[in-house]
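Okay, structure first, notes after.
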Amino acid sequence: MARILITSALPYINGVKHLGNLIGSQLPADLFARYNRGRGNEVMFICATDEHGTPAELAAAKAGQPVAEYCAELHDVQADIAKRFGLSFDYFGRSSSPQNHRLTQHLAAKLAENGLIEEVSEKQVYSIDDGRFLPDRYIEGTCPNCGHEGARGDQCDECTKQLSPTDLIDPYSTVSGSKNLEVRETKHLFLRQSKLRDVLDEWISSKTDWPILTTSIAKKWLHDGDGLRDRGITRDLDWGVPVPGMEGKVFYVWFDAPIEYIGATAEWAEANGLDDAAWERWWRTDKGADDVRYVQFMGKDNVPFHTLSFPATIMGSGEPWKLVDYIKSFNYLNYDGGQFSTSKGRGVFMDQALSILPSDYWRWWLLSHAPENSDAEFTWENFQASVNKDLADVLGNFASRVTKFCRSKFGEVVPDGGTYGPEEQALIDTLDKRIKAYNTHMDDMEVRKAASELRAIWVAGNEYLQAAAPWAKFKDDPDAAAAVIRLSLNLIRLYAVLSAPFIPDASAALLKAMNTDDDSWPDDVTQALETLPAGHTFTVPEVTFAKITDDQREEWQEKFAGKRE
RNA sequence: GGGCCUGUAGCUCAGUUGGUUAGAGCAGAGCGCUCAUAACGCUUUGGUCGCAGGUUCGAGUCCUGCCGGGCCUACCA
């Protein structure tokens, strides 16, 4: 039994995430976790809210709440939505947890011991009226290059020129609009990543099986200009993991966030009344994590931190922490010709999605269209067509036609009689081949390919049923029809098991209708199709997937075009 | 500006180390079935593989240039 550690990129705390965020990390991670559990592997699936940083402080201020309270509240909101989306985290932690505080400070101390931390004095813009230092992009003004008035302190969007806040004409704080700014000297800790460049380069180069998206971004950072640069890992903020010995400073959110993968596993142990050994066997190669395979899921914007910064932290600590084995990264999902936009309220957010349709509809569409090779696009037409065809017609209707036919001819019980012949054997051979392909795609995290293979497995059932035509056989040979239906009812159970990673709720409903809790993964198809014996009772399931009507589609199209309160 | 990714049937996408008539699903057309959520099955119409050159016996697949789309470029996270 393999042991698989899975982490999904941490969703940032400042609000409900949209479908693009979901398909970029949490959902494919959940697919992989559910599949591996289904196959009997030992899985630890970890996620958490990323709670530190300037945006969290500002969002809290805007909401008129203390930041700790704000984060606690938003964490619960996100946790609830994640649960309703069927995201099966073993633990959904918080980067503000005491565990993460301890680990972050511990690792920083180790890095310092190893000469990988450097104190640097730099000048930054301080907003007197806001009472805080401002990151470059929270300062705006007129671009000295093109005269654009909304240029940010890091770059002008109009002419794309790289800027520094002091270049701006008439700069002001985007937090308050105040122009009462001054440049102050402040000390910060830098992680000397440059010293680890060769080690990281060699490590990345050895990962020939990683997605190109992952390795190309990492190599760009390693080789661009003077190569991997040192990175500031502290900020002048109140909310965060305090830097020991540096009053008023906390670690940079991108330093502590990945450490929370470990922290959240420690939170899991505590929440379950377990000792440190319970989580260390996932994370310390000297304490049992030797045989763990660690897989990370994330959107492409997160790749540099996971391929370079976090590994630098791990390697630089000199301690035997578990390094990632595989990084699965995703492109972006766009919304109907443009980007999802939190600020403009464009697109569908997780809570809204659940308010109009069950999670399985979203899970199926998103996963079967996962942006693996390039950016993908959500359109309502495509969503409606895919979901209606795949889920309602191909899968849902299969369960419906089989169970209803059985009920009317034999009652709600698996019928006895008849024998299997060449048609059944041909179906079994097809399924055997396709399930093997499905397993392989799932093992490889080829999400779209796995989805299309699963769909082909559903189609095989309809093909068989059409050819076997039990409604015709029943007229002069009821036993022959019984054999077909017995097999088909078992097929429903098999489909529920195989489909569970994609559509867990529907799968559970089908298993319940089939009156079984045997959800063992089919290693032997013939055997799997004998699970429900003659005489086993079942019930006809409710409509598994209702179709999306044209009226609904048009209504939603209108509703989500823009402006979310 | 630099780097990377991408452009294949109306739509969404597969196309392995270059090898015979370029594939799938959806949509369209025809036929069949009537158990079923007007569902299912079978057959079938669609492509000078962004454009132009080049390498090769042979290129969707390799090289060069151009055009279009996207992402990243280190203080948002």
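So you know, we letter chains A, B, ... as the sequences are listed, proteins then strands, and number each from 1. Note that the structure is predicted; figures quoted are calculated from it, not measured.
- Nucleotide B:U21 forms a pair with no other nucleotide shown, judged by Watson-Crick or G-U wobble geometry with both contacts under 3.5 Å.
- The number of heavy atoms from other shown groups lying within 6.0 Å of CD (A:E542) does not exceed 12.
- Syn is the conformation of B:G46, whose glycosidic angle sits no further than 90° from 0.
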A:F383/A:W362 under ring pair (Phe, Tyr, Trp, His ring centres under 6.0 Å): CA gap, chis, key distance, verdict: CA-CA 9 Å; A:F383 177 67; A:W362 300 106; 4.5 Å; yes

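- With the nearest nucleotide of RNA chain B identified for both A:D301 and A:K475, A:K475 has the one nearer the 5' end.
- A sub-4.0 Å separation between OP1 or OP2 of B:A39 and a side-chain N or O of A:N388 is absent.
- Within 4.0 Å of A:Y332, counting heavy atoms only, lie sugar-phosphate atoms of the nucleic acid but no base atom.
- The nucleotide whose nearest atom lies closest to any side-chain atom of A:N397 is, among B:A74, B:U37, B:U12, B:U37.
- Between A:K220 and B:A74 there is no side-chain polar atom (N or O) within less than 4.0 angstrom of OP1 or OP2.
- On a pure distance criterion of 3.5 Å, no polar donor-acceptor pair joins the side chain of A:R401 and the base of B:A39.
- Rounded to a whole angstrom, the distance from the C1' atom of B:A9 to that of B:G28 is 12 Å.
- Taking atom C1' on both nucleotides, B:C49 is separated from B:U21 by 16 Å, rounded to a whole Å.
- Nucleic acid contact for A:L134: none, since no nucleic acid atom lies under 4.0 Å from a heavy atom of the residue.
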Derivation of the side chain to side chain donor-acceptor pair (under 3.5 Å) call for A:T186 and A:K249: CA-CA 10 Å; A:T186 178; A:K249 293 187 194 295; 2.7 Å; yes

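- The side chain of A:K449 places no N or O atom within less than 4.0 Å of a non-bridging phosphate oxygen (OP1 or OP2) of B:G25.
- Taking every side-chain heavy atom of A:E122 into account, B:C75 is the closest of B:U12, B:C75, B:G32.
- A:T174 places a side-chain N or O within donor-acceptor distance of the main-chain N or O of A:Y138, the cut-off being under 3.5 Å.
- A donor N or O paired with an acceptor N or O is not found under 3.5 Å between the base of B:A39 and the side-chain atoms of A:D393.
- Applying the 3.5 Å distance criterion, the base of B:C26 shares no donor-acceptor pair with the side chain of A:E381.
- On a pure distance criterion of 3.5 Å, a polar donor-acceptor pair joins the side chain of A:Q124 and the base of B:C75.
- Across the strands present, B:A14 finds no partner; the criterion is a Watson-Crick or G-U wobble pair with both atom distances under 3.5 angstrom.
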Verdict with reasoning, A:Q193 to A:R231, per side chain to side chain donor-acceptor pair (under 3.5 Å): CA-CA 7 Å; A:Q193 300 182 127; A:R231 189 174 189 109; 5.7 Å; no

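- Stacking of A:F405 onto the six-membered ring of B:C35 is not present when judged by under 5.5 angstrom between centres and under 30° between planes.
- Mapping A:A376 and A:L395 onto RNA chain B by nearest heavy atom places A:A376 at the nucleotide closer to the 5' end.
- The side chain of A:K300 lies closest to B:C71, out of B:C76, B:U12, B:C71.
- Considering only the side chain of A:R137, B:C75 comes nearest among B:U37, B:C35, B:C75.
- Taking atom C1' on both B:C76 and B:G15, the two are 39 Å apart, rounded to the nearest angstrom.
- Among the nucleotides B:U34, B:U12, B:C71, the one closest to the side chain of A:D375 is B:C71.
- A gap of 45 Å separates the C1' atoms of B:U43 and B:G65, to the nearest Å.
- Separation of the P atoms belonging to B:U48 and B:G60 is 13 Å when rounded to the nearest angstrom.
- For B:C4 and B:G47, the P atoms lie 35 Å apart once the distance is rounded to whole Å.
- Rounded to the nearest Å, the gap between the P atom of B:G69 and that of B:G53 is 24 Å.
- With a cut-off of 3.5 Å on both pairing distances, the Watson-Crick or G-U wobble partner of B:G41 is B:C31.
- If you check B:C40, B:U37, B:A77 against the side chain of A:T54, the one that comes closest is B:A77.
- Going from the C1' atom of B:G46 to that of B:A22 covers 13 Å, rounded to whole Å.
- A salt bridge is absent between A:K219 and A:D201; no separation between the charged side-chain nitrogens and carboxylate oxygens falls under 4.0 Å.
- Residue A:R231 places at least one side-chain N or O under 4.0 Å from the OP1 or OP2 atom of B:C75.
- With both pairing distances under 3.5 Å, B:G65 is matched to B:C51 as a Watson-Crick or G-U wobble pair.
- At least one side-chain nitrogen or oxygen of A:K547 sits closer than 4.0 Å to the OP1 or OP2 atom of B:A39.
- Taking the six-membered ring for Trp, A:F545 and A:W364 have ring centres at least 6.0 Å apart.
- Between A:Y252 and B:C76 there is no side-chain N or O to OP1 or OP2 distance below 4.0 Å.
- The side chain of A:R235 has B:C75 as its nearest neighbour among B:C75, B:G3, B:G25.
- At a threshold of 4.0 Å, the pair A:R132-A:D130 does not count as salt-bridged, since none of the basic side-chain nitrogens sits closer than that to a carboxylate oxygen.
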